[in-house]
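Note sheet for the following structure.
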Number of protein chains: 2
Amino acid sequence: MNLPPLHQDFILHFGEMGSRWGINRTVGQIYALLFLSEEPLNAETITDALSISRSNTSMGLKELQSWNLVRLRHKPGDRRDYFTTPDDLWEIVRTLVAERRKREIDPTLSTLRELEMRGPGGDAYAEARIAELRELIEMMTQFHDEMSRMETERLVQLMTMGRRLGGLLDTAQKMKIWGKS
Amino acid sequence: MNLPPLHQDFILHFGEMGSRWGINRTVGQIYALLFLSEEPLNAETITDALSISRSNTSMGLKELQSWNLVRLRHKPGDRRDYFTTPDDLWEIVRTLVAERRKREIDPTLSTLRELEMRGPGGDAYAEARIAELRELIEMMTQFHDEMSRMETERLVQLMTMGRRLGGLLDTAQKMKIWGKS
DNA sequence: CTTGCATTTCAGAAATTACTGAAATGCGTG
DNA sequence: CACGCATTTCAGTAATTTCTGAAATGCAAG
């Protein structure tokens, strides 16, 4: 890996972090490398920059594509694939959340619903617990749906509200801006 | 593993899910088992229920304790340790978020800040990218701080606002409920 | 201080996951 | 349709993580 120290350290950090999430070190490093690069990079360049095998690069890129985290580009007169990350960081966050939801939340909801379908079976506590968990997850995904309907600007606005959130709820409630869901 | 099918399937599901997060299958299963149990369980019971080794149980419980995800209980006249999960699901979510933040977000923020400290080094794009990422993460953690200051009831209120969030922002802005952050 | 139970530690075994090089496939160009 | 380059697949190997049984530790009660 022969990169400027800044890139080097950034990439190593996200390699480590990657392994705490579901993705492996290499995939994290590839993403970090692309993230810092203004120009799209091809597989050969990535392979050299990270000192990994060409096939590892190929698998890593495939993984990133399955997460919708990289975009494929082409240069005129060059038939190699070039990869970039979106310029808009919020778009990256949205993609991450959406993909994790698809892979983790949705299957969990199906399982919980399936378990509830079986009806009472003797352990009322466990059944209540499962129902409660399902409700919580549904509530959070609905909230997320709402947030993802907002454009970036609005989201930033919401985020920067800082400590005014609680007060806002008060005001809204007094004004009956919304009713019971 | 000799459990009712409901418990069985719930536990297996969270075992699988656990491995997508940083935690391993066994730890996920132990947590799922405790989650469904009204009564606190001791290590011996868990070992038998999941058909794992006693030492594996011990390590799993240690891991869960390090995440603050289980509570230790004692029964009079019994010196074994008993474990439970909190009744309040929101508390569980809060703990999860707080711990992941401590382990993933905070170290990342330090790294990014350290990288920025090094000052201009030739790659303006990469430096801008890192700064932008740091700002995004800071914004999200501030938002999270705000949300975690709210009590459960308020949070549910916020979550169930459904599609009224965007409108609420409009209204609030018109009324100048908050200014620039 | 010893006994008896409960828990933890730890080194090695087992299982899983990641990585590589070589071969195969795909695909545009002449 | 064959050549050349780019990418993917895959079987074997390497590395890492998880799990176990045995030994060590801890600790309350007698």
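Contact check, B:Arg80 against C:dT7: no side-chain N or O comes under 4.0 Å of OP1 or OP2. Regarding contacts with the backbone of C:dC19, a side-chain N or O of A:Asn24 is found under 4.0 angstrom from either OP1 or OP2. Contact annotation: A:Ser58 side-chain N/O to D:dT7 OP1/OP2 distance is not under 4.0 Å. At C:dC19, one or more side-chain N or O atoms of A:Thr26 fall inside 4.0 Å of OP1 or OP2 (strictly under the cut-off). When the side-chain nitrogen and oxygen atoms of A:Lys62 are compared with OP1 and OP2 of D:dT7, none of them lie within a distance under 4.0 Å. Within the structure, every side-chain polar atom (N or O) of A:Arg25 is placed at least 4.0 Å from both OP1 and OP2 of C:dA18. Note on B:Arg79: every side-chain N or O is 4.0 Å or more away from OP1 and OP2 of D:dA28.
Residue-environment remark: CZ (A:Arg118) exceeds the threshold of 12 foreign heavy atoms within 6.0 Å. Crowding of B:Arg73 atom CZ: a count of heavy atoms from other residues, nucleotides or ligands under 6.0 Å not exceeding 12. Around NZ of B:Lys75, the count of heavy atoms belonging to other residues, nucleotides or ligands within 6.0 Å exceeds 12.
Rounded to whole angstrom, the span from the OH atom of A:Tyr82 across to the C1' atom of D:dT7 amounts to 14 Å. C:dC27 atom P lies 11 Å from atom CG of A:Asp81, rounded to whole Å. Taking atom CH2 of B:Trp21 as the reference point, atom P of D:dT17 lies 20 Å away to the nearest angstrom. We find that CE of A:Met59 is positioned 16 Å from P of D:dT13, with the value rounded to whole Å. As a whole-Å value, the separation of A:Ile46 CD1 from D:dA6 P is 14 Å. One interatomic measurement links the two molecules: CD1 of B:Ile52 to C1' of D:dG21, which rounds to 14 Å at whole-angstrom precision. If you measure from atom CD of B:Glu63 to atom P of D:dC19, you get 11 Å, rounded to the nearest angstrom. Rounded to whole angstrom, the span from the CG atom of B:Asn56 across to the P atom of C:dT9 amounts to 14 Å.
Tested against B:Arg101 for a side chain to side chain contact (heavy atoms under 4.5 Å, CB included), the candidates B:Thr108, B:Asp106, B:Leu96 yield a single pass: B:Asp106.
B:Thr57 places a side-chain N or O within donor-acceptor distance of the main-chain N or O of B:Ser53, the cut-off being under 3.5 Å.
Comparing A:Gln65 and A:Ser19 against DNA chain D, the residue whose closest nucleotide sits nearer the 5' end is A:Gln65.
Cluster membership for A:Val70 and A:Tyr82, using ILVMFWY side-chain heavy atoms within less than 4.5 angstrom, is not shared.
In this structure, A:Arg94 does not pair ionically with A:Glu99, as no charged nitrogen and carboxylate oxygen lie closer than 4.0 Å.
Using a 4.0 Å heavy-atom criterion, one finds that B:Leu61 contacts no nucleic acid atom at all.
Using a 4.0 Å cut-off on heavy atoms, none of the residues of residues 28-44 of chain A approach DNA chain C.
Defined by atom type and a distance below 3.5 Å, a donor-acceptor pair is missing between the side-chain atoms of A:Arg80 and A:Thr45.
Of the candidate nucleotides C:dA6, C:dG21, C:dT8, C:dG21 has the atom lying nearest to any side-chain atom of A:Ser55.
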